[in-house]
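Take a look at the structure below.
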There are 2 protein chains.
Amino acid sequence: MSQMLQIHEQLREMILSLDLGPGERLTERWLESRFEGSRTPIRAALVRLEGEELVRRDGRNWIVAPIDLGELEALAEFRIPLETTAVRLACARASEADIAGVEEMLDACQSGAPREEWHRVGTDFHVEIARLSGNPFIVKAITGAMTRLSRARWLEVWTEPSREQAWREHRRILGFIKADDPEAAAREAADHIKDTRDRLLRSLNEDRRGLRARGFAVIGLR
Amino acid sequence: MSQMLQIHEQLREMILSLDLGPGERLTERWLESRFEGSRTPIRAALVRLEGEELVRRDGRNWIVAPIDLGELEALAEFRIPLETTAVRLACARASEADIAGVEEMLDACQSGAPREEWHRVGTDFHVEIARLSGNPFIVKAITGAMTRLSRARWLEVWTEPSREQAWREHRRILGFIKADDPEAAAREAADHIKDTRDRLLRSLNEDRRGLRARGFAVIGLR
DNA sequence: TATCCCAAATTGGTATCCCATACAATCCAG
DNA sequence: CTGGATTGTATGGGATACCAATTTGGGATA
């Protein structure tokens with residue numbers, strides 16, 4: 001694999017895992033030594049990450065994209081029509097084997113699993129459901145939205161009850177798809193998105209100070 | 001403005017105007033002489049265009065993204081939930097001045113206007129409506145979808161009745177938003193998207209041969 | 001001590017340079 | 001004449017050199 005893709009992937013991982021703080025400055029020269037490559041592939045990786053909005057220009061400089069928690073509302077508003085459409089289509093189009101695949105994924109994540117696992121499965125569930133819709137544009141949009149949410153979602157998996165609540169909701173959505181009940185599945189999906197949004201907003205209000213220290217922008221949050 | 005952004009913009013324009021044929025190969029060296037810049041900014045522009053899916057890798061080579069007309073169905077399926085949501089939100093949130101702005105845009109495009117104008121306004125209308133929703137994610141998704149549709153839409157503006165039909169539908173959608181009738185606006189928007197899809201598919205079937213010569217991939221189209 | 005100013009270092013933008021490789025034309029063997 | 005090895009050439013990937021601009025740090029001065 002090309003060096004550029006490797007750097008892109010590693011850097012992406014570092015950003016999404018909060019290993020690199022939101023808003024942190026990235027100099028091409030630092031990345032150069034960090035990844036032992038020259039600026040050419042590093043610049044390509046940065047341009048690419050800029051497209052995914054994980055990195056952004058700040059004047060002439062590169063910074064890790066800050067997390068704008070004010071976006072949480074708009075993001076939920078965006079996801080609801082898309083994911084309700086996705087589950088409806090999934091009812092019509094998904095094979096039993098497809099559904100079983102998603103079910104396995106959920107089952108594989110039990111109480112004892114590490115936070116990282118919950119985080120990953122919680123994201124992948126939505127992407128996989130989108131995939132069941134058979135519409136590549138929906139898949140791409142949901143993937144992008146989940147990426148955008150990804151860093152904020154570390155808040156959710158930090159507390160156990162929150163994790164388990166989300167897991168139960170995922171199960172219910174999948175249950176309705178399995179039972180081929182599109183309207184119930186859509187309702188459940190919309191509720192789940194709202195619940196997640198509310199859970200996140202609540203976590204935020206509980207500890208604004210701590211969050212700010214972690215690089216979360218709490219401004220503009222009601 | 002940086003050279004890279006200039007090159008990006010020019011190349012983008014050449015692709016969207018079909019000045020560069022879909023599927024056409026782009027060599028970095030040719031672009032180098034074409035834009036009188038070195039490979040560094042050209043490569044950055046290519047990576048960026050790759051993110052917009054206007055350019056793609058074919059092995060190690062760069063090619064102008066082919067047009068996959070089989071996507072038309074999926075694209076409409078994607079747009080409907082988003083745009084119906086957008087017009088509903090627009091009813092709730094758009095100011096009269098905002099609406100008047102869009103109205104002016106439509107008025108500015110009269111019968112005598114050149115094809116390019118119809119094409120641009122036909123795209124911008126949807127983006128502006130999305131903007132009235134106040135949701136940046138919806139705006140971005142619609143912008144992306146319209147970009148994706150952009151090259152195929154040259155087919156639509158090639159014939160006069162088709163243009164005028166679309167224009168009437170735009171007026172009706174805007175009328176319902178102005179009258180603050182969200183459900184009617186949503187219904188109208190969904191119908192318009194379906195109509196557009198059907199118009200395009202009909203144009204396609206009328207002249208497959210000619211299209212193929214223009215670089216449109218007609219495969220996988222029923 | 002506070003402030004201002006200039007030199008030096010650092011940064012991103014651009015231009016080349018070198019290299020491995022994919023592809024093609026060519027040439028020789030059968 | 002045909003087919004396969006070979007060599008030549010153009011291409012993209014990566015490294016490096018150079019530049020302009022911006023930042024920074026320290027020292028002279030009020």
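Numbers restart at 1 for each chain; the letters A, B, ... are given by sequence-line order, proteins then strands. When reading the values below, keep in mind they use all heavy atoms of this one structure, side chains included, and skip hydrogens, waters and symmetry mates.
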Sequence-aligned protein contact record of nucleotides 15-21 of chain D, with B where the base is within under 4.0 Å of a protein heavy atom and S where only the sugar-phosphate is: BBBB---

Mate of D:dA30 where both pairing distances stay under 3.5 Å, Watson-Crick or G-U: C:dT1

B:F78 side chain reached by B:E83 side chain, heavy atoms, under 4.5 Å: no

side-chain contact (heavy atoms from CB on, under 4.5 Å) partners of A:P41, counting only residues at least two apart: A:Q3, A:M4, A:I7, A:S38

For B:H8, ring pair (Phe, Tyr, Trp, His ring centres under 6.0 Å) partners two or more places apart: none

Side chain to side chain donor-acceptor pair (under 3.5 Å) partners of residues 26-37 of chain A, not counting sequence neighbours, each pair once: A:E28-A:R39, A:E28-A:R43, A:E28-A:W62

Presence of salt bridge, B:E77 and A:R93, under 4.0 angstrom: yes

5' to 3' contact window, DNA chain C with chain A (heavy-atom distance under 4.0 Å): C:dT11 to C:dT14

Touch class at under 4.0 angstrom, heavy-atom based, for B:I42 against every strand present: nothing

Touch class at under 4.0 angstrom, heavy-atom based, for B:L5 against every strand present: nothing

Note: A:E50-A:R57 ion pair, threshold 4.0 Å (strictly below): no

Distance, rounded to the nearest Å, where A:M1 contributes CE and D:dG14 contributes P: 11 Å

Nearest non-hydrogen partners of B:V139 and B:T143, listed with the distance: O-OG1, 2.7 Å

Contact list for residues 9-22 of chain A, test salt bridge (charged side-chain N to carboxylate O under 4.0 Å, His left out), sequence neighbours left out: A:R12-A:E52

